[in-house]
Visitor: 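This structure is in structure tokens; I'll ask about it shortly.
In listed order, ligands and their atoms are each counted from 1.
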Amino acid sequence: MLTKQQIKETQKLLRDKTAQEIIKWALENIGVEKLAFASSLSIEDQVITDMLIKENKKAQIFTLDTGRLPQETYDLIQKTREFYKINYEILFPDEKDVEEMVKELGPNLFYDSIENRKKCCEVRKVRPLRRRLEKVEAWICGLRKEQSVTRHAIEKIEWDDTFGLVKINPISDWSQKDVWDYIKKHKVPYNKLYDKGYTSIGCAPCTRPIKEGEDVRAGRWWWEDPEHKECGLHNKK
Ligand code: SF4
């Protein structure tokens, strides 16, 4: 695994590289077996899926099925599998954890408090992700700096304190327009909710379309303060 010092040196090396070059660098220098991509099926993650598969069809790609996803996201998983002829690895939360949580706090616990919302994200997303990331040395994410106040400081490669491994963000400096230009140019499949005013898509009960002028992630946990809007997968440093 890269040391923190090596990560600092690599940050300089990757600073001016394109996203495709960063992905190629990661596959060659970290290795297909030690590198995984966690796709949320967002437009950003669909761009990375396209780049990764074009670089190496054996790249490890997985997604989290929280059990509360919109039907349109399941449709996209199906479509992407067929489009690229790949089998996603789909992670599920521990059934007992979900049963206990819902029994104690109810199925819509996330609306009751930030604490409950974070508990739901912990059970349905963070724990399955942690179990999967223990098997690799680095993960790729589709985070972009301009997505929200919680993401302004991200680097193309950095140490992930939350999960204890290297994190690679190949499109961290892309704009939303860059993402859409790529999607259209390469005819990449995308979630149809984007055509209905959604700009960031998570679980169905925690996502809604945004209004004009709002931050792209304003439709996620819209009832909370922007400073709290991460699910535990990408905590602010
Ligand atoms: Fe639960 Fe909402 Fe988090 Fe999904 S986004 S895991 S439903 S709190």
Visitor: Flag the pair Y182 / I48 as yes when at least one side-chain heavy-atom distance between them is below 4.5 Å, and no otherwise.
Guide: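 No, too far: nothing below the 4.5 Å cut-off.
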Visitor: Can you tell me if an N/O/S atom from C120 lies under 2.8 Å from atom 2 (Fe) of ligand 1?
Guide: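 Not a single backbone or side-chain N, O or S atom of C120 is under 2.8 Å from atom 2 (Fe) of ligand 1.
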Visitor: With a cut-off of 4.0 Å, which atoms of ligand 1 are near a heavy atom of R117?
Guide: 8 (S)
Visitor: Which atoms of ligand 1 sit under 4.0 Å from any heavy atom of C206?
Guide: 2 (Fe), 5 (S), 7 (S), 8 (S)
Visitor: Out of P107, C121, P93, G67, whose heavy atom sits nearest atom 3 (Fe) of ligand 1?
Guide: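 When every heavy atom of P107, C121, P93, G67 is considered, C121 comes closest to atom 3 (Fe) of ligand 1.
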Visitor: Walk me through whether W223 and Y111 qualify under ring pair (Phe, Tyr, Trp, His ring centres under 6.0 Å).
Guide: CA-CA 8 Å; W223 61 92; Y111 296 135; 4.8 Å; yes
Visitor: If you apply the rule side-chain contact (heavy atoms from CB on, under 4.5 Å), what do you find for W221 with T207, and how did you get there?
Guide: CA-CA 6 Å; W221 311 295; T207 309; over 6 Å; no
Visitor: Taking only residues at least two apart or on different chains, which pairs with a member in residues 186-196 satisfy side-chain hydrogen bond (donor to acceptor under 3.5 Å, both in side chains)?
Guide: K54-H186, T73-N191, Y190-D195
